[in-house]
Amino acid sequence: MAETKREIERKYESDESGLPDLTGVAGVVTVLDKGVVELDATYYDTSDLRLAAASITLRRRTGGSDAGWHLKLPVEAGVRDEIRSPLSDTVPEELGRLVRSRVREGQLVPVVRLRSSRDVRELVDGRGRPLAEASVDAVRADRLFGGEGSAQWTEIEVELADGGDPALLDKVEKRLRKAGVRPSTSSSKLARALTETASKKKRAKGRTSAAKAAAGDEPVTAGDHVLAYVRAQRDAIVALDPAVRQETPDSVHDMRVATRRLRSTFRSFGKVLDPAVTAPIADELKWLAGELGAGRDQEVLDERLTAALDDLPAALVSGPVEARLRAWAQAQRTGSRHRLLGVLDSPRHLALLDALDALVADPPLLEAAAGKPGKVLAKAVRKDFRKVSALIAQALDEPSGHARDVSLHEARKKTKRTRYAAETAVPAVGGSAKALAKSMKSLQSLLGDHQDSVMARQTLRELSAVAHAAGESAFTYGVLYGREVGRAERAEEALPQVWERVCERMQV
């Protein structure tokens with residue numbers, strides 16, 4: 001069974017002079033000598049090093065107190081989540097799934113072997129509680145695939161203890177710098193090993209790529225701006241895959257938003273990217289968003305109904321409403337969870353990721369892509385805004401009821417598209433696009449609350465019918481239904497003023 005540990009650490013170059021005295025740094029009272037540990041780790045990746053390119057490491061390590069398989073996923077600079085699994089001869093299936101969005105149909109092979117002689121010191125406070133672990137690692141790296149030769153170096157590593165204050169690392173670093181120790185230029189041992197054991201040809205190519213990256217790649221044309229946005233959403237979908245599998249809060253929502261942003265971008269900027277190429281991909285993104293939405297919509301609905309029930313006075317709660325609501329939510333969650341994991345492992349999903357990679361690598365640019373970004377992007381955004389305006393006008397003309405609900409739902413979807421188009425245009429257009437994105441977000445929130453009320457009322461009708469059939473009182477479901485009607489009416493009453501403010505900001 002895998003376990004996850006948040007790892008917060010920093011690495012430093014060492015000239016083999018060892019650690020300076022760290023006693024007295026930020027409450028460090030004692031530095032305990034924990035001895036020398038021999039570690040032997042084999043790192044796995046695809047033949048084209050897809051995991052390393054994403055700063056992900058997967059290794060099988062023996063020696064030390066945590067021997068086993070370790071998968072490290074980046075969180076931010078100096079912070080990674082380490083998922084551990086017991087020793088086995090092959091990559092554990094649970095870890096393999098967490099890198100599926102990167103590996104896809106590829107194979108994981110041993111790429112580097114690292115053997116380290118680790119001299120460990122534990123930094124403890126006056127109560128004997130561990131604050132951090134500092135070590136001097138003498139490392140030997142041997143390339144196993146895609147390179148040649150070996151490399152050796154010595155480095156210092158400082159890792160914060162579980163629950164420790166990250167500010168301690170700043171103070172430790174200050175002491176290290178005074179002693180002449182400098183932060184490592186490599187993000188990890190694997191990164192350094194891959195660089196130093198690559199063939200001469202690949203090292204030269206890597207230096208050229210680094211130089212190009214340092215020189216910058218600022219968007220110039222309309223196509224550049226759209227592709228930058230597309231690339232960011234593609235990256236988000238791939239990077240969020242492990243988080244969705246681990247049920248990280250908001251990860252399903254964030255992935256769904258990325259799929260919608262991509263699909264909206266293809267539709268909004270059909271003069272920039274060829275719809276003949278993007279339309280089939282957009283259809284697959286719609287499918288993925290739907291699969292992600294099944295669980296997410298239920299989660300939002302569950303939270304809404306639970307909060308509404310909690311707000312009711314006890315006198316208005318009749319029958320086992322809370323238990324029935326909880327059982328309904330659990331049944332919905334279990335079914336959607338199993339289905340979603342199957343979707344993420346499906347050939348259809350992996351093919352979609354491949355299609356997005358191919359589009360980014362060889363974008364189907366049209367003539368407008370070479371145009372001035374301010375002009376091309378602003379025109380597309382205005383076109384989307386006009387569609388929202390027409391739908392809002394249609395909804396306001398409808399009487400309250402099903403027809404208006406449908407119109408408002410359509411307006412909400414077009415509002416999202418306009419918001420995403422405006423976000424794409426912000427770097428090129430500036431303040432006006434930023435203001436529109438903000439206005440659309442506000443409008444989206446109002447329309448979203450209205451749509452959530454529509455869905456809540458539908459669910460309450462279903463739960464009421466089930467409760468009635470079981471001989472339970474349906475009174476409370478009716479009370480909750482009535483309150484949802486009131487929420488929808490208040491949203492509809494607020495809409496004309498909200499829309500008027502939007503139009504004033506846009507000078508429409």
Side-chain angles (χ1 to χ4, degrees), residues 2 43-58 69 71-74 81 83 85 90-111 145-146 227 229-248 250-266 273-274 276-296 335-364:
Y43 287 77
Y44 287 72
D45 206 333
T46 59
S47 58
D48 53 357
L49 303 177
R50 296 177 204 170
L51 300 187
S55 299
I56 295 171
T57 61
L58 174 63
W69 286 89
L71 172 64
K72 296 189 180 186
L73 303 172
D81 278 339
I83 300 96
S85 190
T90 57
V91 177
E93 186 174 350
E94 54 196 334
L95 299 189
R97 289 197 186 100
L98 293 177
V99 295
R100 184 68 51 79
S101 65
R102 305 282 182 184
V103 177
R104 300 177 200 170
E105 300 297 340
Q107 298 295 316
L108 290 167
V109 296
V111 293
F145 185 92
L227 285 174
Y229 196 78
V230 167
R231 191 177 298 110
Q233 306 318 314
R234 185 278 311 266
D235 291 348
I237 292 172
V238 174
L240 283 164
D241 183 280
V244 171
R245 294 174 185 272
Q246 294 177 292
E247 297 187 85
T248 302
D250 293 327
S251 58
V252 171
H253 170 69
D254 291 344
M255 183 185 282
R256 188 186 186 191
V257 168
T259 63
R260 285 175 164 173
R261 281 180 167 145
L262 259 179
R263 184 164 172 257
S264 293
T265 300
F266 292 156
L273 295 175
D274 188 353
V277 177
T278 61
I281 300 176
D283 289 342
E284 292 302 283
L285 288 168
K286 181 180 181 180
W287 161 75
L288 178 58
E291 296 291 352
L292 291 165
R296 175 60 184 173
S336 62
R337 173 72 183 162
H338 289 161
R339 180 179 177 86
L340 179 55
L341 291 177
V343 166
L344 295 180
D345 286 332
S346 70
R348 183 176 181 178
H349 175 59
L350 300 181
L352 170 58
L353 298 182
D354 286 341
L356 290 173
D357 285 350
L359 182 141
V360 169
D362 185 18

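The first residue in the sequence is number 1, and the count goes up from there.
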N-O pairing of Arg245 and Asp241 below 4.0 Å
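A salt bridge is present here (some side-chain N lies under 4.0 Å from a carboxylate O).
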Taking atom types as modelled, is there a side-chain donor on Glu94 or Ser85 under 3.5 Å from an acceptor on the other?
yes
State whether the side chain of [X] and the backbone N or O of [Y] hold a donor-acceptor pair below 3.5 Å, judged by distance alone.
{"X": "Asp45", "Y": "Arg50", "answer": "yes"}
{"X": "Arg102", "Y": "Leu51", "answer": "no"}
{"X": "Ser264", "Y": "Arg261", "answer": "no"}

Looking only at non-hydrogen atoms, find the nearest pair between [X] and [Y] and report the distance.
{"X": "Asp274", "Y": "Ala276", "result": "OD1-N, 3.0 Å"}
{"X": "Pro74", "Y": "Ala54", "result": "CG-O, 3.6 Å"}
{"X": "Leu73", "Y": "Pro242", "result": "CD1-CB, 3.8 Å"}
{"X": "Leu108", "Y": "Val103", "result": "CD2-CG2, 3.7 Å"}
{"X": "Leu350", "Y": "Leu344", "result": "CD2-O, 4.1 Å"}
{"X": "Leu95", "Y": "Trp69", "result": "CD1-CB, 3.7 Å"}

Taking the side chain as everything from C-beta on, heavy atoms only, tell me whether Gln246 gets closer than 4.5 Å to Asp81.
no
Could you check if a side-chain atom of Phe145 sits within less than 4.5 angstrom of a side-chain atom of Pro110, using non-hydrogen atoms only?
no
Does atom CG of Asp362 have more than 12 heavy-atom neighbours, drawn from other residues, nucleotides or ligands, at distances under 6.0 Å?
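Counting other residues, nucleotides and ligands, CG of Asp362 stays at 12 neighbours or fewer.
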Rounded to the nearest 0.5 Å, what's the gap from [atom1] on [X] to [atom2] on [Y]? Could you check?
{"X": "Ile56", "Y": "Lys72", "atom1": "CD1", "atom2": "NZ", "result": "13.0 Å"}
{"X": "Leu353", "Y": "Glu105", "atom1": "CG", "atom2": "CD", "result": "10.5 Å"}
{"X": "Asp283", "Y": "Leu288", "atom1": "CG", "atom2": "CG", "result": "13.0 Å"}
{"X": "Leu262", "Y": "Tyr229", "atom1": "CG", "atom2": "OH", "result": "8.5 Å"}
{"X": "Leu240", "Y": "His253", "atom1": "CG", "atom2": "NE2", "result": "10.5 Å"}

Phe266/Leu359 under side-chain contact (heavy atoms from CB on, under 4.5 Å): CA gap, chis, key distance, verdict
CA-CA 11 Å; Phe266 292 156; Leu359 182 141; 4.2 Å; yes
Please name the residue in the list Lys286, His349, Arg339 that meets the side-chain hydrogen bond (donor to acceptor under 3.5 Å, both in side chains) test with Glu291.
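One option only clears the test, and that one is Arg339.
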Stepwise side-chain contact (heavy atoms from CB on, under 4.5 Å) check, Leu340 with Met255
CA-CA 12 Å; Leu340 179 55; Met255 183 185 282; over 6 Å; no
Could you walk me through whether Ile237 and Leu352 satisfy the side-chain contact (heavy atoms from CB on, under 4.5 Å) test, starting with their C-alpha distance in whole Å, then the side-chain angles of each, then the deciding distance to 0.1 Å, before giving a yes or no?
CA-CA 11 Å; Ile237 292 172; Leu352 170 58; over 6 Å; no
How far apart are the C-alpha atoms of Val238 and Arg104, what are their side-chain angles, what is the distance that settles it, and do they pass the side-chain contact (heavy atoms from CB on, under 4.5 Å) test?
CA-CA 11 Å; Val238 174; Arg104 300 177 200 170; 3.9 Å; yes
